[in-house]
Amino acid sequence: MRHGLSDMLLDVRILGLLLLALAAWGEDWPQWRGPSLNGISGETGLPLHWSTTENIAWKLEMPGRSGATPIIWGNRIFLNVAEGDDLELWCVDKAKGTVIWKKRLAAGNYKINKQNMSSPSPVTDGKNVWAITGTGVLKGFDFDGNELWMRDIQKDYGKFGLNWGYASSPLLYEDSLYVQVLHGTHTHDGSYILRIDKKTGKTVWRVVRPTDAVRESPDAYTTPALLRYGDRVEVVITGGDCITAHDPATGKEVWRGTGFNPDKHENYRVVASPVVYDDVVYAPTRVRPLIAFRGGGQGDVSQSHKLWSFANGPDVPTPVTDGKYFYTVNDHGIMWCLDARTGAEIWGGQRIKPAVYSSSPVLADGRIYLTNEDGLTTVVKAGPRFEVLAQNDLDDYTLSSPAISEGRIYLRTGKFLWAIGGR
């Protein structure tokens with residue numbers, strides 16, 4: 001009996017150690033909005049304070065600015081990089097902060113307004129990595145840097161017609177990449193969505209996405225989201241004065257919501273991407289209105305599945321939610337916290353450091369990390385009471401959103417990729 005009890009106690013201790021090890025194990029950041037595609041990390045013990053000289057594990061010099069977020073798997077960090085005329089994919093050692101390899105994606109980089117042609121973030125499944133440029137060149141590589149295949153989207157389907165250059169990141173789901181091209185300012189060609197086989201690079205389907213938006217309003221710089229509920233999975237696209245959900249297998253439109261631009265303004269291009277949590281999709285537009293829809297609809301869901309709308313949405317930063325609280329910051333650093341299910345204001349109109357905000361907030365360790373274009377990250381306590389916990393200045397131009405992995409925050413500024421904190 002004692003022997004059996006001792007064995008049982010040993011098993012409990014081992015189980016406890018395994019659970020502790022799992023809790024301490026860091027997450028990867030395989031797509032632009034992280035492991036759950038919603039800007040949330042489950043990691044704890046993250047750094048609260050840092051500066052250019054404090055709490056920095058390493059920094060890697062960058063040749064210039066980019067809106068692309070670092071993508072992380074294991075000990076690899078992948079970066080879409082603009083260097084002069086060239087666009088490159090870099091693979092960086094996460095532990096050391098050194099470059100493992102660089103691969104040329106395309107020539108033809110150029111700057112337009114804030115961004116250049118390196119704005120789309122790569123995606124990875126842990127074996128291979130894919131990157132698209134703002135010029136429409138899409139390539140796949142293995143982790144050793146061997147090129148798997150290459151596509152030129154503009155060559156295949158016509159010139160992009162966005163006013164400020166192409167910037168959407170691909171969505172990776174199962175065996176395919178989903179690529180959106182929503183445009184209209186400089187083209188009469190229709191907007192469309194592609195499903196591309198991740199192994200071969202071949203198009204599985206291409207569907208036209210109709211819109212009655214005018215002038216610049218068909219343009220969208222958003223990234224597709226993934227909505228799961230019940231036994232259904234849908235690819236969600238926003239832009240062109242509407243939100244649409246599509247069957248991943250066929251591309252067929254399942255439902256559509258409107259009401260984002262009732263006055264038909266000609267400049268309602270969309271930058272902030274849709275956010276999904278559980279069965280709710282939160283769809284920003286050009287500030288107002290941000291609309292929340294519940295999943296499960298068919299056809300026109302503009303009223304039937306609309307949960308709430310909000311008149312103080314963002315323009316550029318994509319919001320974040322944990323399903324209970326919904327957090328958004330506008331381009332000038334004014335924050336709101338809403339009830340995620342009802343849209344009721346929990347707190348609002350709270351100003352953090354005045355500046356321009358293009359980076360999207362991330363939610364982790366009970367905190368919201370928000371970085372402005374000056375490179376200052378404000379850390380706000382998550383929850384029903386507004387409280388600024390810290391302000392951390394890297395003093396460098398920043399468009400990219402933070403990525404989190406194994407206790408560190410990876411933040412890309414114009415001059416450096418910074419590894420903040422560490423285990």
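Bear in mind the structure is a predicted one, so any value in this text is a computation, not a measurement.
- In this structure, Arg209 contributes its side chain and Gly239 its backbone to a donor-acceptor pair below 3.5 Å.
- The backbone N or O of Gly383 lies less than 3.5 Å from a partner atom in the side chain of Trp347, making a donor-acceptor pair.
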Q) Going through the checks in order, is the side chain to side chain donor-acceptor pair (under 3.5 Å) test met by Tyr157 and Thr203? A) CA-CA 11 Å; Tyr157 300 114; Thr203 297; 2.9 Å; yes
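- Legend: residues meeting salt bridge (Lys or Arg N to Asp or Glu O under 4.0 Å) with Asp189, ordered by chain and number and at least two apart, are absent.
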Show the numbers, then the answer: is there a side chain to side chain donor-acceptor pair (under 3.5 Å) between Asp219 and Thr185? CA-CA 7 Å; Asp219 294 359; Thr185 300; 2.5 Å; yes
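- Although no hydrogens or angles enter the test, the distance criterion places a donor-acceptor pair under 3.5 Å between the side chain of Asp331 and the main chain of Val316.
- Atoms CG and CZ, on Leu227 and Arg294 in that order, are 12.0 Å from each other to the nearest 0.5 Å.
- Taking the six-membered ring wherever Trp is involved, the centroid distance between the rings of Phe143 and Phe78 falls below 6.0 Å.
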(message) Set out, in order, the CA-CA distance, both residues' side-chain angles and the distance that settles salt bridge (charged side-chain N to carboxylate O under 4.0 Å, His left out) for Asp212 and Lys264, then state yes or no.
(response) CA-CA 9 Å; Asp212 60 1; Lys264 287 297 171 195; 2.8 Å; yes
Exercise. Given the rule in the side chain to side chain contact (heavy atoms under 4.5 Å, CB included) test, do Ile237 and Ile243 qualify, once you have shown the distances and angles that lead to the verdict?
Worked result: CA-CA 6 Å; Ile237 309 285; Ile243 177 172; over 6 Å; no
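- Between Asp197 and Lys202, no side-chain nitrogen of the basic residue sits less than 4.0 Å from a carboxylate oxygen of the acidic one, so the salt-bridge criterion is not met.
- Atom NZ of Lys96 sits in a sparse spot, with 12 or fewer heavy atoms from other residues, nucleotides or ligands closer than 6.0 Å.
- Contact of the Trp336 side chain with the Phe310 side chain is registered, since non-hydrogen atoms from C-beta on lie closer than 4.5 Å.
- Defined by atom type and a distance below 3.5 Å, a donor-acceptor pair is missing between the side-chain atoms of Asn55 and His49.
- Evaluation of the ring-ring contact (aromatic ring centres under 6.0 Å, His included) rule for Tyr268 yields His265 as partners, not counting sequence neighbours.
- Using a 30° and 60° split on the angle between ring planes, Tyr173 and Tyr178 fall in the tilted class, from 30° to 60°.
- Here Pro170 pairs with Val123, Ile132, Val179 under the side chain to side chain contact (heavy atoms under 4.5 Å, CB included) rule; sequence neighbours left out.
- The shortest distance between side-chain heavy atoms of Pro319 and Phe326 falls below 4.5 Å.
- Residues Asp279 and Arg228 are not in side-chain contact: their nearest non-hydrogen atoms beyond the backbone lie 4.5 Å or more apart.
- With Asp315 contributing its side chain and Val287 its backbone, the two residues share no donor-acceptor pair below 3.5 Å.
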Inset, instruction - Kindly determine whether Ser358 and Glu373 satisfy side chain to side chain donor-acceptor pair (under 3.5 Å), including the steps that lead there. - result: CA-CA 7 Å; Ser358 292; Glu373 289 191 5; 2.5 Å; yes
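- Note: Tyr327 and Tyr325 have tilted aromatic rings, judged against thresholds of 30 and 60 degrees for the angle between ring planes.
- No more than 12 heavy atoms of other residues, nucleotides or ligands lie within 6.0 Å of NZ in Lys252, so this atom counts as exposed by the packing criterion.
- With a 4.5 Å cut-off on side-chain heavy atoms, Arg33 and Asn38 do not count as touching.
- A side-chain donor from one of Thr377 and Thr371 sits under 3.5 Å from a side-chain acceptor of the other.
- Looking at residues two or more places apart in sequence or on another chain, you find a side chain to side chain contact (heavy atoms under 4.5 Å, CB included) between Lys103 and Trp101, Phe141.
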| query | Between Gln180 and Thr222, is a side chain to side chain donor-acceptor pair (under 3.5 Å) present by the stated rule, with each step listed? | reply | CA-CA 9 Å; Gln180 68 173 53; Thr222 57; 2.9 Å; yes
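- Residues Pro284 and Thr318 are not in side-chain contact: their nearest non-hydrogen atoms beyond the backbone lie 4.5 Å or more apart.
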Q.
What verdict does the side chain to side chain contact (heavy atoms under 4.5 Å, CB included) test give for Leu172 and Lys198, after you've listed the backbone C-alpha separation in whole Å, the side-chain angles of each residue and the deciding distance to 0.1 Å?
A. CA-CA 8 Å; Leu172 174 62; Lys198 72 178 187 180; 4.0 Å; yes
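- Geometrically, Lys306 does not engage Phe293 in a cation-pi contact, judged by NZ or CZ lying under 6.0 Å from the ring centre and within 45° of the ring axis.
- Between Lys324 and Asp339 the shortest side-chain heavy-atom distance does not fall below 4.5 Å.
- If you check the side chains of Ser302 and Thr258, you find a donor sitting under 3.5 Å from an acceptor.
- For Lys94, the NZ atom sits in a packed shell: over 12 heavy atoms of surrounding residues, nucleotides or ligands are nearer than 6.0 Å.
- A donor atom on one side chain and an acceptor atom on the other are found under 3.5 Å apart for Tyr369 and Arg367.
- For the residue pair Ser41/Glu27, the side-chain donor-acceptor check at 3.5 Å is satisfied.
- Lys159 and Thr187 form no side-chain donor-acceptor contact under 3.5 Å, judged by distance and modelled atom types alone.
- Other residues, nucleotides and ligands contribute over 12 non-hydrogen atoms within 6.0 Å of the CZ atom of Arg206.
- Side chains of Ser118 and Asn80: a donor-acceptor N/O pair is absent below 3.5 angstrom, by distance only.
- Both the sub-6.0 Å distance and the 45° axial angle are satisfied by Arg65 relative to the ring of Tyr397.
- Of the possible polar contacts, none joining the Thr342 side chain to the Ala340 backbone as a donor-acceptor pair under 3.5 Å is found.
- In this structure, Phe160 and His183 have perpendicular ring planes: the angle between them is above 60°, well past the 30° mark.
- For Thr285 (side chain) and Arg288 (main-chain N/O), no donor-acceptor pair under 3.5 Å exists by modelled atom type.
- Under the side chain to side chain contact (heavy atoms under 4.5 Å, CB included) criterion, Ser121 pairs with Trp32, Ala68, Thr69, Ile71, Ser169, sequence neighbours left out.
- The main-chain N or O of Ala249 is found under 3.5 Å from a side-chain atom of Asp247 such that the two form a donor-acceptor pair.
- A donor-acceptor contact shorter than 3.5 Å is absent between the side chain of Asn75 and the backbone of Asp93.
- Under the side chain to side chain contact (heavy atoms under 4.5 Å, CB included) criterion, Asn109 pairs with Ala82, Leu87, Asn116, Met117, sequence neighbours left out.
- For Arg341, the CZ atom counts as loosely surrounded, since its 6.0 Å shell holds 12 or fewer non-hydrogen atoms of other residues, nucleotides or ligands.
- Using a distance-only test at 3.5 Å, with no hydrogens or angles considered, no donor-acceptor pair links the side chain of Ser401 to the main chain of Ser359.
- The closest side-chain donor-acceptor pair between Thr244 and Glu253, if any, does not fall under 3.5 angstrom.
- Here the side chain of Asn392 pairs a donor or acceptor atom with the backbone of Trp50 at under 3.5 angstrom.
- Glu234 and Tyr229 share a side-chain donor-acceptor pair at under 3.5 Å.
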